[in-house]
Number of protein chains: 4
Amino acid sequence: MSPRRRDAESTAAARAERRAELLATAAEVFASRGYAATTVREVAEAADMLGGSLYYHFDSKESMVDEILSAFLTELWAAYDKVTGSGLGARETFEALIVESFRTIHRHRPAVVIYQNESKHLATSPRFSYLTESQRRFREMWLAVLDRGVTDGVFRADLDTGLIYRFIRDTVWLAASWYRGDGRLPAEEIARQYIAMVLEGILTT
Amino acid sequence: MSPRRRDAESTAAARAERRAELLATAAEVFASRGYAATTVREVAEAADMLGGSLYYHFDSKESMVDEILSAFLTELWAAYDKVTGSGLGARETFEALIVESFRTIHRHRPAVVIYQNESKHLATSPRFSYLTESQRRFREMWLAVLDRGVTDGVFRADLDTGLIYRFIRDTVWLAASWYRGDGRLPAEEIARQYIAMVLEGILTT
Amino acid sequence: MSPRRRDAESTAAARAERRAELLATAAEVFASRGYAATTVREVAEAADMLGGSLYYHFDSKESMVDEILSAFLTELWAAYDKVTGSGLGARETFEALIVESFRTIHRHRPAVVIYQNESKHLATSPRFSYLTESQRRFREMWLAVLDRGVTDGVFRADLDTGLIYRFIRDTVWLAASWYRGDGRLPAEEIARQYIAMVLEGILTT
Amino acid sequence: MSPRRRDAESTAAARAERRAELLATAAEVFASRGYAATTVREVAEAADMLGGSLYYHFDSKESMVDEILSAFLTELWAAYDKVTGSGLGARETFEALIVESFRTIHRHRPAVVIYQNESKHLATSPRFSYLTESQRRFREMWLAVLDRGVTDGVFRADLDTGLIYRFIRDTVWLAASWYRGDGRLPAEEIARQYIAMVLEGILTT
DNA sequence: GATGAATGAGCTTTCATTCAT
DNA sequence: AATGAATGAAAGCTCATTCAT
């Protein structure tokens with residue numbers, strides 16, 4: 001490996017690292033103030049620079065949320081795919097998905113908040129069509145698990161699975177709004193209690 | 001009643017009605033596009049007027065959300081207070097509160113959506129301090145019901161009531177985002193299924 | 001005189017009186033808040049009506065100032081012309097003009113304030129060309145008196161008459177800004193002291 | 001001096017210089033068109049920029065007048081304080097104050113015009129309370145000089161000093177409206193003739 | 001004569017974005 | 001990489017004016 005190449009690599013790596021840093025900062029600000037209500041100046045200030053300087057790193061404000069959300073969704077689906085591809089039963093799949101969701105909230109809290117608050121609005125633009133697509137997959141995945149559970153006689157048959165899906169979706173993602181990693185309840189414990197509450201309600205007894 | 005008085009009354013009534021109409025329109029638009037992202041011109045357009053004309057009826061964009069939210073909260077608390085003042089047991093209170101919540105969503109859907117999406121941000125301004133206050137009361141009310149249920153042996157003691165409170169809060173209010181009054185599921189049926197799901201999970205068996 | 005004609009006359013008279021009332025009110029408001037900074041609504045409010053109602057009486061906000069100023073100037077020039085046509089000497093003319101000026105201020109205080117504050121700005125519009133014309137006549141009249149006084153050996157020759165003219169003009173009209181008819185100093189006493197000061201100076205002799 | 005420090009200094013200096021330039025332009029426009037009647041766009045145009053660009057340098061239109069007026073008053077009072085602190089007699093103080101006033105007009109003509117035309121209106125806002133305060137000090141200072149002159153037998157006792165103060169104040173500051181630095185009469189000559197007129201009168205003796 | 005609702009132009013201000021340095 | 005000045009579109013809001021009643 002030539003020194004030249006090493007330089008190029010370390011430069012590229014340093015640049016990527018800087019981007020990641022800036023995106024983390026931006027995500028924090030977008031999450032706390034709301035995307036539309038946050039100015040580029042505020043993001044820059046949080047990163048100790050001036051407004052114009054961000055444009056060296058990013059094309060636009062929109063491209064920042066874009067990167068934040070797509071990075072989060074990519075990682076989320078990697079985790080989900082691993083679970084659904086493991087050949088677990090309906091109940092075990094249900095539990096594993098809940099646990100993965102709370103783990104993701106733990107690692108990507110600001111991104112989850114942004115996703116929760118802004119995705120409906122952003123999704124109207126073609127650039128963010130992947131948000132709609134993700135939501136569709138999300139719905140299919142959960143309905144499949146719930147329906148399989150009903151078919152297998154594991155979940156109650158007298159409740160509307162569409163309704164249950166919505167309740168689960170809402171609680172899980174809204175948890176990002178109040179979840180604090182430093183609280184007395186770690187992500188795993190929240191997942192455990194959440195599973196206990198929901199499962200013992202929808203299970204046949 | 002003199003004609004003069006009748007005139008004054010009908011004029012004042014007509015004005016109040018017009019305000020209500022405009023507020024309903026504004027609420028719809030704020031709910032669907034987001035308060036910050038909605039322009040006054042858009043609200044006016046939805047009401048078939050020009051931007052400036054709205055200012056004959058309202059002081060500012062802010063005063064519109066203010067009226068929308070406070071009208072909704074006033075009605076909501078009237079319903080809640082009636083329930084909590086009826087001397088019902090923990091479980092019956094729980095059920096009645098859920099039913100009232102879904103009924104309010106049915107009648108004030110756009111206001112609920114706005115409340116859900118914007119109140120965190122709006123509450124930072126002194127003008128909207130009643131939002132914070134309402135949230136505090138809301139929390140106290142639910143915790144009281146849940147704790148009483150635990151004490152009375154009606155609700156399970158091994159779950160964190162703070163956590164349960166949050167799950168309930170999030171699911172109930174977020175329901176406004178997807179609820180459509182014209183759907184196959186009326187508010188009462190949604191409430192019934194929701195109660196079934198949650199209660200049979202947190203009840204001692 | 002037919003009753004019909006009397007009605008028409010009394011109606012016309014009543015209308016003229018109402019206009020005069022409204023103009024007096026408007027002058028007061030324009031004088032205290034400034035013409036540009038005063039809204040039509042404020043004028044109307046001071047006259048106990050709604051904004052639109054003024055347009056029954058007047059074409060526009062501009063036509064109100066127009067009437068206020070031209071009425072004032074008409075009366076002022078009638079008084080001035082009487083003085084300059086009386087064949088008085090330079091000093092007596094000087095004194096008489098000062099006295100008439102303060103009398104006009106006494107009767108038309110708000111109009112004078114408006115004239116002082118706004119005429120420079122208004123005069124740029126063709127509609128108000130009479131303001132420029134009036135100012136020109138005013139200058140000519142005073143310079144004639146002062147120059148005649150110098151020629152006659154009544155006024156000092158070592159002072160620039162253009163400068164003296166300006167000083168007189170400024171002090172006399174600005175007096176409207178602080179003059180209050182109810183004060184301890186009536187218009188005539190102010191005129192007397194003013195004349196004494198300008199003619200003889202403030203030094204002891 | 002390190003290069004870094006020099007850079008910082010020259011940058012800060014350049015910025016201050018630019019602000020001063022823009023303020024001078026704004027003062028010119030405010031003075032000629034009136035503050036309320038001047039639009040921000042007009043100020044910007046006079047400075048060869050677009051309306052929004054001014055907001056990089058100033059918070060608001062109001063903050064521009066604020067800076068213009070307070071800079072002028074600061075300098076004016078520095079000059080006045082020097083005079084009144086010199087232990088001169090009443091007549092010499094009088095003359096020196098007049099001279100300083102005309103010198104200030106010479107250097108700050110637009111600011112003086114703005115002060116004259118707008119301060120009454122601006123002073124109602126707390127932000128401009130210093131205008132009221134300045135006017136109070138101004139009155140006290142002049143009355144002290146005039147009263148001392150009367151006591152010392154230098155000034156006539158048969159004239160109302162309150163009245164004289166007002167005449168002096170009005171003429172001196174209104175002079176800014178017509179004074180042109182390029183005219184045949186320099187500030188000092190105007191001051192000389194003005195002093196002669198007020199002290200000795202315009203009559204031949 | 002007056003009301004009240006609406007108009008529409010124009011204002012101050014904000015803010016994402018650009019670009020020379 | 002970052003600065004700082006400027007752009008220009010668009011926002012919230014004001015206000016003189018109109019007009020049916």
Side-chain angles (χ1 to χ4, degrees), chain A residues 11 14-15 18-19 22 35-44 47-64, chain B residues 7-8 11-12 14-15 18-19 22 36-44 47-64, chain C residues 11 14-15 18-19 22 35-44 47-64, chain D residues 7-8 11-12 14-15 18-19 22 36-44 47-64:
Chain A
T11 301
R15 176 180 295 213
R18 186 76 175 111
R19 278 177 78 86
L22 293 172
Y35 172 70
T38 300
T39 71
V40 171
R41 249 185 179 80
E42 284 168 338
V43 173
D48 265 318
M49 9 163 78
L50 294 180
S53 307
L54 275 177
Y55 287 81
Y56 178 81
H57 301 277
F58 304 99
D59 284 347
S60 65
K61 187 186 174 186
E62 209 180 35
S63 79
M64 291 185 225
Chain B
D7 274 11
T11 303
R15 180 182 291 220
R18 186 76 175 110
R19 277 177 79 86
L22 293 171
T38 299
T39 71
V40 171
R41 268 173 174 85
E42 284 168 339
V43 173
D48 265 316
M49 0 164 83
L50 293 179
S53 306
L54 275 177
Y55 288 84
Y56 179 79
H57 302 276
F58 304 99
D59 284 346
S60 63
K61 186 186 173 187
E62 209 181 35
S63 79
M64 292 185 223
Chain C
T11 302
R15 178 182 293 212
R18 187 77 175 109
R19 278 177 79 85
L22 293 171
Y35 172 69
T38 299
T39 71
V40 171
R41 248 185 181 82
E42 284 168 337
V43 173
D48 265 318
M49 9 164 74
L50 293 181
S53 307
L54 275 177
Y55 286 82
Y56 178 80
H57 301 277
F58 304 99
D59 284 348
S60 63
K61 186 186 175 188
E62 210 181 33
S63 79
M64 292 185 224
Chain D
D7 276 9
T11 302
R15 179 182 291 217
R18 186 74 176 113
R19 277 178 79 86
L22 293 171
T38 299
T39 71
V40 171
R41 264 177 174 84
E42 283 168 339
V43 173
D48 265 317
M49 357 163 86
L50 292 179
S53 307
L54 275 177
Y55 288 82
Y56 179 77
H57 301 277
F58 304 99
D59 284 346
S60 63
K61 185 186 174 188
E62 208 181 35
S63 80
M64 291 186 222

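Note that the structure is a prediction, hence the values are computed from the model and not measured. Chain A is the first sequence line, chain B the second, and so forth, proteins listed ahead of strands; every chain is numbered from 1.
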[X] side chain N/O closer than 4.0 Å to the phosphate oxygens (OP1, OP2) of [N]?
{"X": "B:Arg15", "N": "E:dT3", "answer": "no"}
{"X": "D:His57", "N": "F:dG4", "answer": "no"}
{"X": "D:Tyr56", "N": "F:dA5", "answer": "yes"}
{"X": "A:Ser53", "N": "F:dA1", "answer": "no"}
{"X": "D:Arg18", "N": "F:dA6", "answer": "yes"}

What integer distance in Å separates [X]:[atom1] from [N]:[atom2]?
{"X": "D:Tyr55", "N": "F:dG8", "atom1": "OH", "atom2": "P", "result": "17 Å"}
{"X": "D:Asp59", "N": "E:dC15", "atom1": "CG", "atom2": "P", "result": "13 Å"}
{"X": "C:Lys61", "N": "F:dT18", "atom1": "NZ", "atom2": "P", "result": "15 Å"}
{"X": "B:Glu62", "N": "F:dA11", "atom1": "CD", "atom2": "P", "result": "18 Å"}

For D:Ala36 and for B:Gly52, locate the closest nucleotide of DNA chain E by heavy-atom distance; then report the residue assigned to the nucleotide nearer the 5' terminus.
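Nearest nucleotide further toward 5': that of B:Gly52.
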Under a 3.5 Å limit for both distances, which nucleotide forms a Watson-Crick or G-U wobble pair with F:dA1, could you say?
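Here F:dA1 is not engaged in any pair, so there is no nucleotide opposite it.
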Listed nucleotide nearest any side-chain atom of [X], set [options]:
{"X": "D:Val40", "options": "F:dC13, E:dT17, E:dT12", "answer": "E:dT12"}
{"X": "B:Leu50", "options": "E:dG8, E:dT17, F:dC13", "answer": "E:dG8"}
{"X": "C:Met49", "options": "E:dA2, F:dC13, E:dC15", "answer": "E:dA2"}
{"X": "B:Arg41", "options": "E:dT3, F:dA16, E:dG10", "answer": "E:dG10"}

Would you mind classifying the nucleic acid contact of D:Thr38 as base, sugar-phosphate or nothing, using non-hydrogen atoms under 4.0 angstrom?
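Contact class for D:Thr38: sugar-phosphate only.
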